[in-house]
Amino acid sequence: MIEYGKLARRLLPLAVVAAAAVGASAAKAPVAQAALGCTYPSMAPVFLRWLDPSSYFLAPGANFENGLGGWTASGGAGVVSGNETYNVGGPGSQSLALPTTSAVATTPTFCVSVDAPTLRLLVKNNGMSDGQLAVYMNFQDANGKLQQVKVAALKPGNTSWNLTAPIVFAQYLSLPILKSGYANVSFTFKPNDTHGNWQIDDMYVDPCISR
């Protein structure tokens with residue numbers, strides 16, 4: 001189950017939902033979206049096979065096919081061979097490993113608004129079944145002070161690639177969004193247990209409240 005921070009609303013358990021297979025991956029329409037100071041890249045309903053019709057854009061560098069792609073990594077975190085098994089972002093050969101409890105990885109900063117409420121990604125737990133992968137959001141508040149807040153604790157319960165439930169984060173941005181209409185954020189991933197050994201891949205953001 002995914003356990004959210006005390007301010008986050010509860011979501012569905014983390015699971016790969018058994019659903020009728022779609023014959024082909026959804027076409028990625030080259031649609032750029034702009035809202036409240038943010039410009040978004042191409043979007044597509046990449047999670048249709050999990051019965052999620054929302055359109056998402058790929059977070060910067062988040063398929064790891066070009067190495068870290070602007071992510072920062074420390075403590076042994078780094079790009080490794082082995083794509084997530086569903087090929088959500090198309091055929092690939094790499095993912096990001098966080099093989100120890102000291103491993104930390106952070107996305108590049110990107111723009112979100114009140115219309116960018118959720119993210120989803122593929123995760124794989126190569127360690128103990130009771131392990132957790134913590135997800136933190138980094139942003140500046142309305143006074144320009146750097147903040148970090150935990151938005152999720154991922155706990156798949158098996159060693160296969162799993163799709164997370166939608167991770168809600170916009171509620172933490174009420175002050176910067178009220179002041180300017182948008183915020184620049186990044187997300188940090190860190191094993192939150194004594195047997196951390198994780199991989200992540202294909203992180204996508206839903207910018208349009210399209211459910």
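For clarity, every value in this text was computed on a predicted model and none was experimentally measured.
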Approximate separation, where rounding is to 0.5 Å, of Q132 CD and K190 NZ: 12.0 Å
Taking every heavy atom of A183 against every heavy atom of L173, the minimum-distance pair comes out as CB-CD2, 4.0 Å
Out of curiosity, F57 CZ to C38 SG, how far, rounded to the nearest 0.5 Å? 8.0 Å
Out of curiosity, N192 CG to L133 CG, how far, rounded to the nearest 0.5 Å? 8.5 Å
For K124, all residues meeting side chain to side chain donor-acceptor pair (under 3.5 Å), sequence neighbours excluded: N126
Search all heavy atoms of L98 against all heavy atoms of A105 and return the closest pair with its distance. CD2-N, 3.9 Å
So F169 and V112, do their side chains get closer than 4.5 Å, heavy atoms only? yes
Counting only N and O atoms by type, is there a donor-acceptor contact under 3.5 Å from the side chain of R120 to the main-chain atoms of Y56? no
What residues, two or more places apart in sequence or in another chain, satisfy side chain to side chain donor-acceptor pair (under 3.5 Å) together with S95? Q199
Compare every heavy atom of I200 with every heavy atom of F64, then report the nearest pair and how far apart it is. CE1-O, 3.7 Å
Strictly under 6.0 Å, is that where the ring centroids of F139 and Y172 end up? no
Single hit among V88, N83, N87, V123 for side chain to side chain contact (heavy atoms under 4.5 Å, CB included) with D201: N83
Test of understanding: clusters of I, L, V, M, F, W, Y form through side-chain heavy atoms closer than 4.5 Å, transitively. Do V135 and F110 belong to the same one? yes
The reported gap from OG1 in T107 to CG in L96 (rounded to nearest 0.5 angstrom) is 11.0 Å
When every non-hydrogen atom of L58 is compared with those of P41, the smallest separation belongs to O-CG, 4.5 Å
Over all atoms of both residues, closest heavy-atom pair of K150 and A134: CE-CB, 4.0 Å
Please evaluate residues Y136 and F189 with respect to the criterion ring pair (Phe, Tyr, Trp, His ring centres under 6.0 Å), reporting the C-alpha separation (whole Å), side-chain torsions for both, the decisive distance (0.1 Å), and the verdict. CA-CA 7 Å; Y136 300 88; F189 296 84; 9.3 Å; no
Taking the side chain as every heavy atom from C-beta outward, state whether Y86 and F47 have any atom pair closer than 4.5 Å. no
Please identify each residue that fulfils side chain to side chain donor-acceptor pair (under 3.5 Å) with T188, with sequence neighbours left out. T106, N138
Rounded to the nearest 0.5 Å, how far apart are CG of N125 and CG of L154? 10.0 Å
Across all chains, not counting sequence neighbours, the side chain to side chain contact (heavy atoms under 4.5 Å, CB included) partners of S102 are T100
Closer than 3.5 angstrom, by distance alone: can the side chain of T164 be matched with the main-chain N or O of L121 as a donor-acceptor pair? yes
N197: which residues meet the side chain to side chain donor-acceptor pair (under 3.5 Å) condition with it, sequence neighbours left out? none
Over all heavy atoms of both residues, which pair between C111 and Y40 is shortest? Give the atoms and the distance, please. O-CE2, 3.7 Å
Please list all pairs passing the side-chain hydrogen bond (donor to acceptor under 3.5 Å, both in side chains) test where one or both residues lie in residues 62-82, with sequence neighbours left out. E65-S93
Non-hydrogen side-chain atoms of D52 and L48 separated by less than 4.5 Å: no
Is there a side-chain contact between P45 and S55 in this structure, where contact means two heavy atoms from C-beta onward sitting under 4.5 Å apart? yes
Roughly how far, to the nearest 0.5 Å, is CD1 of I167 from OG1 of T118? 9.0 Å
